[in-house]
Amino acid sequence: MKTALFLGLGLWLTAPFFAVQYYPLFPAAAMPVTSLDELIPLAQPAVWLYVSLYVQITLPLLLSRDPRELRHMCFGFGWIVLVSHTLFLFWPTAIPALLDGVSISDPLLRLVVEIQTDRSACPSLHASLAVYCALSAARLLASRRTRLFLWIWTALILASTLLAKQHVFLDIAAGSALGAAAYGALFRQRPEEPAGSPALEATLQARHQLAASLGAQLDGLSSLDWRRRAGDLALFTGLCAAGMYLASRGGGLLTAAGIGLAALGLNAFVLLMHEGMHDCLFRGRVANRAGSVLLGATFLMSFSAYRVLHTRHHSYLGDSRDPDDYRNYTGRPGLLWTLHFVRLVCGSLLYLALIPILALKYGTDRERRRILTEYAFLLAVYCVTLRLVPASALLVAWWIPLLIVGNLTSIRGFAQHGITDAGDPYIASRTMLPHPIVEFFVLHENYHLEHHLFPEIPSYHLPRLHGLVWPKAPRAVSGRGYLQFLARFFRATARLDASPIGLERP
């Protein structure tokens, strides 16, 4: 296995790198030279430390005795190479002519200069792999002295890239950050948490009580209807495509209409990916995940990352571990209300950054690998898009609609759980009863109490479920429209009144 990994990763590292060097698709941008680069002198013998990287990166392979851990380490190695090759392919950089006019006396440096062109990846693979492999090997070494020697060697490798003038400082800084981030994402210790959740038990008990009272009326609601799903996908993909075309090709009112249509389509993609989190998008697991990943790519989100946090939200609704309950972050009413407004104004943008960080913190090893794989895929998709589509067209056809979708998502998410009682499963989630047109465009996700009690039921069956559950629920919170809910929230703000908005007893 080690031999296969050595050969496979070695080929994966070298072949694409030299292919891009000698057969580039795009012109290279010269990396800026910092004052530190100008200060560091050329030291030709440093090239020997430079090439010693190819010994250092084999240490995790040689030291590992656990096949599962070794495969996990090799995944990180391959992921770093994939990310670097993708950036190098689409956004190549070049080393400034630091060796022009210099007489090269060291034969190894002369060989390195002859083999490599002036093109070089940023982030530097030399730095990212050195840091990642040092961190991976250090976890396998028992001796502090040996670990110290390893880190001195790694620091010398990083310094040698500058002393031999094979990279500039910005290359090395970016590469070191990438290597450390990849290691942290894969090997950060998961927090130890209690296995049970009183909040989940309360939700399951409420579900059991309702299911017992409804009996056979629930039969068939969990079944997936591929025709309905295909219809949703076709309709909203068509709306999105038509909107993007009008936004990028039209002008004036046509552009505004196109932005609106594109936003409606992208908003539906967010909701359809949510269906995938509960395995309600497609019947097969592979199709469900693949479809969800593609939907997430349209709004800059990894499906697996979002799923880790969303399943925690369902499991721990009303628990101190619920990532969506801001009362878990502060007990001060004023600060809590400030967080509510931050969520409404820019919550979706913050979530784009915070979701992957928290998902990698709480995810299993398998989930972490999936998250990193999906972000590598998203990187490739966006590199292709940015290279092929003018930025002006992307602005009006994609980025502006995404900002609108972000605001809609923030309002919808806040209406679902904002100003409720998270400790009571019946009034921890709010069911909204807006105009039928609004309900259609939010794919019936407005029935949020029903969704939390029976998350396995597809959204197109939620109206029927609502008709069954609502008369049986002992209490609930509801709203007649999203704007009406916001108006009631603003009125409650003056008093910092945290009483559940829309409490009723149907």
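FYI, the numbering just counts along the sequence from 1.
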Sequence neighbours left out, what pairs pass salt bridge (charged side-chain N to carboxylate O under 4.0 Å, His left out) with at least one residue falling in residues 171-193?
E193-R312
Could you note down all residue pairs passing side chain to side chain donor-acceptor pair (under 3.5 Å) where [range] supplies at least one of them, sequence neighbours left out?
range	value
residues 59-69	E69-R139
residues 124-134	S124-H167
residues 70-90	H72-R369
residues 381-397	none

With a 4.5 Å limit on heavy-atom distance, are the side chains of [X] and [Y] in contact?
X	Y	result
Y50	T161	yes
L271	S459	no
L186	D365	no
V342	L350	yes
Y375	L379	no
L408	Y482	no
H417	L317	yes
I157	S52	yes

Full working for side chain to side chain contact (heavy atoms under 4.5 Å, CB included) between H274 and L281
CA-CA 8 Å; H274 172 258; L281 185 63; over 6 Å; no
Got a donor-acceptor contact below 3.5 angstrom from the [X] side chain to the [Y] backbone?
X	Y	value
K2	L61	yes
W153	Q56	no
S176	A173	no
D319	S197	no
T237	A234	no
Q44	D106	yes
S136	C133	no
N288	F282	yes

More than 12 heavy atoms of other residues, nucleotides or ligands under 6.0 Å from [atom1] of [X]: yes or no?
X	atom1	result
W151	CH2	yes
F26	CZ	yes
F18	CZ	yes
Y22	OH	yes

Could you list the residues that satisfy salt bridge (Lys or Arg N to Asp or Glu O under 4.0 Å) with [X], not counting sequence neighbours?
X	value
D325	R327
D232	R229
R412	none
E456	R207

Compare every heavy atom of [Y] with every heavy atom of [X], then report the nearest pair and how far apart it is.
X	Y	result
S292	G276	OG-CA, 3.3 Å
I104	R110	O-NH2, 2.9 Å
C280	P455	SG-O, 4.0 Å
L358	L309	C-CD2, 3.7 Å
R368	K361	NH2-O, 3.2 Å
V131	G179	CG1-C, 4.2 Å

Please tabulate, for the side chains in residues 295-307, all donor-acceptor contacts under 3.5 angstrom to protein atoms that are two or more places apart in sequence or on a different chain.
from, atom 1, to, atom 2, distance (Å)
T298, OG1, L295, O, 2.5
S302, OG, S304, N, 3.4
S302, OG, A305, N, 3.1
S302, OG, E374, OE1, 2.8
S304, OG, E374, OE2, 2.5
R307, NE, M277, O, 3.1
R307, NH2, M277, O, 3.2
R307, NH2, D279, OD1, 3.0
R307, NH2, D279, OD2, 3.2

Going by atom types alone, do E445 and H448 pair a side-chain donor with an acceptor below 3.5 Å?
yes
Using only heavy-atom distances, determine whether the side chains of S410 and N407 contain a donor-acceptor pair under 3.5 Å.
no
Begin from the C-alpha positions of L266 and F269 and carry the test side chain to side chain contact (heavy atoms under 4.5 Å, CB included) through to its verdict.
CA-CA 5 Å; L266 290 169; F269 292 164; 3.9 Å; yes
Under 6.0 Å between ring centres: does that hold for H340 and F414?
yes
So, H451 versus H444, ring centres under 6.0 angstrom or not?
no
Report the C-alpha distance between L352 and S348 in whole Å, list the side-chain angles of each, state the deciding distance to 0.1 Å, and finish with yes or no for side chain to side chain contact (heavy atoms under 4.5 Å, CB included).
CA-CA 6 Å; L352 285 177; S348 294; 6.0 Å; no
Show me the donor-acceptor pairs within less than 3.5 Å that the side chains of residues 240-263 make with the rest of the protein, sequence neighbours left out.
from, atom 1, to, atom 2, distance (Å)
S248, OG, M244, O, 2.8
S248, OG, Y245, O, 3.2
T255, OG1, G251, N, 3.2

Criterion side chain to side chain contact (heavy atoms under 4.5 Å, CB included) on V168 and T34, from CA distance to verdict:
CA-CA 8 Å; V168 295; T34 66; over 6 Å; no
Tell me every residue that passes ring-ring contact (aromatic ring centres under 6.0 Å, His included) with F377, counting only those two or more places apart in sequence or in another chain.
none
